[in-house]
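Note that these values count all heavy atoms, side chains included, but never hydrogens, waters or copies made by symmetry.
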Amino acid sequence: MYVYMRKAPDIKDNLGFPMLSIDMENKENGSLDTENLVENGRPPDPADWAVTDVVNYFRTAGFEEQASAFQEQEIDGKSLLLMTRNDVLTGLSLKLGPALKIYEYHVKPLQTQHLKNNSL
């Protein structure tokens, strides 16, 4: 899977914040290969993401409807990395199917990659 992140200069979300444009191929299960997310030649650290970065990540990953829950709950990158399976399944008031995919294919891999990158 290939993912290229770049700032989309004239594109803004519905709150007026600049959005990142991400070109990617999703796996069949809706997951992304988080090791291939590239920003300035290296994986970005989700711990540095603002709420809008988290929202844009999930919008781009195909979870447009569910992304608003992260905005409403003010989940930034540090909060995202602290989320448990139960937090995602119950705390965001999402439907079970999308919540399971969000946790298993996005939150958990981001947490794993973050720990791997910061334990070197």
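At a threshold of 4.5 Å between non-hydrogen side-chain atoms, the residues Leu94 and Ile102 count as touching. Side-chain contact check for Tyr103 versus Leu92: every heavy-atom pair is 4.5 Å or farther apart. Between Phe58 and Gln66, the closest side-chain pair of non-hydrogen atoms is not below 4.5 Å. By the 4.5 Å heavy-atom criterion applied to side chains, Phe70 and Asp53 are not counted as neighbours.
Residue pairs meeting the salt bridge (Lys or Arg N to Asp or Glu O under 4.0 Å) criterion with at least one member in residues 63-77, sequence neighbours excluded, are Arg59-Glu64. Annotation: ring-ring contact (aromatic ring centres under 6.0 Å, His included) contacts involving residues 75-97, sequence neighbours excluded, are absent.
Classification of the Tyr57-Trp49 ring pair by plane angle, with boundaries at 30° and 60°, yields tilted.
Applying the side-chain hydrogen bond (donor to acceptor under 3.5 Å, both in side chains) criterion to Thr84, with sequence neighbours excluded, gives Asp87. With sequence neighbours excluded, the residues satisfying side chain to side chain contact (heavy atoms under 4.5 Å, CB included) with Leu89 are Arg85, Leu96, Ala99, Leu100. In this structure Ala47 satisfies the side chain to side chain contact (heavy atoms under 4.5 Å, CB included) test together with Asp45, Lys78, Leu81, His114, sequence neighbours excluded.
The hydrophobic cluster around Leu115 extends to none of the other residues, as no ILVMFWY side-chain heavy atom falls under 4.5 Å of it.
Taking every heavy atom of both residues into account, Leu80 and Gln111 meet most closely at O-NE2, 3.5 Å.
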